[in-house]
Amino acid sequence: PVEMLQGGGDYLRGLGQARADETAARARMAALAERAARTESLAQENERLRALLALRPALPVRSLSAEVMYEAADPFSRKVFLDRGSQHGVVLGAPVINEAGVIGQVTRAFALTSEVTLLVDKDAAIPVINSRTQQRSAAYGGGGVGPGGMELRFVAGHADVQVGDVLQTSGLDGVYPPGLAVARVGSVERRAEAGFARIGLVPLAPPDGVRHVLVLEPAKLQLPPRPEPGTTEPAKAER
């Protein structure tokens, strides 16, 4: 009986130790899984940052790096706030982009923060050009393919627009530099009774999950000043 009691005690102690080891092993596995997920997230973030750094020299305007702090609480609009404001050089109307394309435009600039209206907002609009046909038009937010899409408006029903066409900034508005990616044509609906086609767009830079962006100086700020009304050009030098 004594040996049986001792053996039973050893068995219970061994069982308890095995359970404790299993719990510790599971905790270590959870910690390793969390570390692996964090490492993967950091690797993806580093890739995006490297892409932004590579994009900077190719831009014809000055740029400022910024980070998205949070999204506006208004459920009827699509706006985000950045950690850069007027004291850092952010001005109203400044384009905001990432490595994939245009995100939106600064609509309010505070001292240390700024508000960006995303392209998918129902009140947003941007002039674009079809990279295949060179046809100019305007893209608007609040429509298009799926939630958070865009659409082309006032395009003739017989216009040469195909699914898959890539739209870029035209540069004619004096705000966005030309050649920035905006959206891809996702659907084209032509109706015989309507004079305009219904064209849905998919943004090339999805606004959800964006963290690091570049704030560009509006292109018109780098143009030479316009001559004031009533002034004449200086007389040409005589030969």
Side-chain angles (χ1 to χ4, degrees), residues 51-52 55 58-61 63 72 74-80 92-107 115-210 213-223 226:
L52 285 176
L55 178 62
L59 295 171
V61 296
S63 61
D74 186 1
F76 301 102
S77 65
R78 295 299 307 275
K79 299 178 181 180
V80 296
L92 287 176
V96 180
I97 68 171
N98 69 354
E99 70 280 2
V102 180
I103 295 293
Q105 189 176 18
V106 174
T107 49
E115 179 191 75
V116 177
T117 299
L118 303 177
L119 289 183
V120 295
D121 186 87
K122 57 183 178 61
D123 296 325
I126 180 173
V128 295
I129 185 171
N130 191 317
S131 60
R132 182 179 62 86
T133 64
Q134 300 302 304
Q135 180 182 4
R136 297 187 180 92
S137 54
Y140 295 82
V145 181
M150 304 172 64
E151 63 179 347
L152 281 182
R153 298 179 185 174
F154 313 115
V155 176
H158 57 80
D160 183 12
V161 181
Q162 301 177 7
V163 174
D165 285 352
V166 175
L167 305 180
Q168 301 175 336
T169 52
S170 61
L172 297 180
D173 56 349
V175 176
Y176 295 92
L180 297 178
V182 177
R184 173 179 53 82
V185 176
S187 64
V188 179
E189 182 180 350
R190 308 180 193 271
R191 297 180 180 178
E193 67 277 7
F196 298 103
R198 186 175 182 180
I199 303 173
L201 306 177
V202 179
L204 290 177
D208 297 326
V210 174
V213 298
L214 289 180
V215 182
L216 308 183
E217 184 180 51
K220 61 183 178 182
L221 296 183
Q222 297 196 10
L223 297 177
R226 294 182 178 181

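Just so it is clear, the model here is predicted, and its values are computed rather than measured.
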TODO: Identify, with sequence neighbours excluded, every residue that meets side chain to side chain donor-acceptor pair (under 3.5 Å) alongside S137.
DONE: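 Once residues adjacent in sequence are excluded, S137 has no partner under the side chain to side chain donor-acceptor pair (under 3.5 Å) criterion.
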
Open item on the list: I'd like to check the side chain to side chain donor-acceptor pair (under 3.5 Å) partners of T107; sequence neighbours left out, ordered by chain and number.
Closed with: E115, T117

Looking only at heavy atoms, which two atoms of [X] and [Y] are closest? And how far apart?
X    : Y    : value
D160 : Q135 : O-OE1, 4.0 Å
A94  : V215 : CB-CG1, 3.8 Å
M150 : A139 : CE-CB, 3.7 Å
Q168 : V182 : C-CG2, 3.9 Å

Any side-chain heavy-atom pair of [X] and [Y] under 4.5 Å:
X    : Y    : value
L167 : N130 : yes
P127 : L172 : no
V128 : L152 : yes
V116 : Q105 : no
V96  : V102 : no

- [ ] May I have the step-by-step check of side-chain contact (heavy atoms from CB on, under 4.5 Å) for L214 and N98, ending in yes or no?
- [x] CA-CA 6 Å; L214 289 180; N98 69 354; over 6 Å; no

Nearest 0.5 angstrom please: [X] [atom1] to [Y] [atom2], how far?
X    : Y    : atom1 : atom2 : result
L216 : S63  : CG    : OG    : 6.0 Å
I129 : Q134 : CD1   : CD    : 4.0 Å
R78  : L118 : CZ    : CG    : 5.5 Å
K122 : S77  : NZ    : OG    : 7.5 Å
Y140 : L119 : OH    : CG    : 13.0 Å
S187 : E151 : OG    : CD    : 9.5 Å

Under 3.5 Å donor-acceptor pairs involving side-chain atoms of residues 195-207, not counting sequence neighbours:
none

- [ ] Keeping the roles fixed (side chain from R190, backbone from G157), state whether a donor-acceptor pair exists under 3.5 Å.
- [x]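 Checking the backbone N and O of G157 against the side chain of R190, a donor-acceptor pair under 3.5 Å is found.
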
Open item on the list: I'd like to know if the side chain of T169 reaches the main chain of P177, judged simply by a donor and an acceptor atom lying under 3.5 Å from each other, with no hydrogens or angles considered.
Closed with: yes

Open item on the list: Using a strict threshold of under 4.0 Å (side-chain N to carboxylate O), is an ion pair present between K79 and D123?
Closed with: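 Judged by the 4.0 Å cut-off on N to carboxylate O distance, D123 and K79 do not form a salt bridge.
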
Task: Verdict with reasoning, V213 to I97, per side-chain contact (heavy atoms from CB on, under 4.5 Å) - done: CA-CA 6 Å; V213 298; I97 68 171; over 6 Å; no

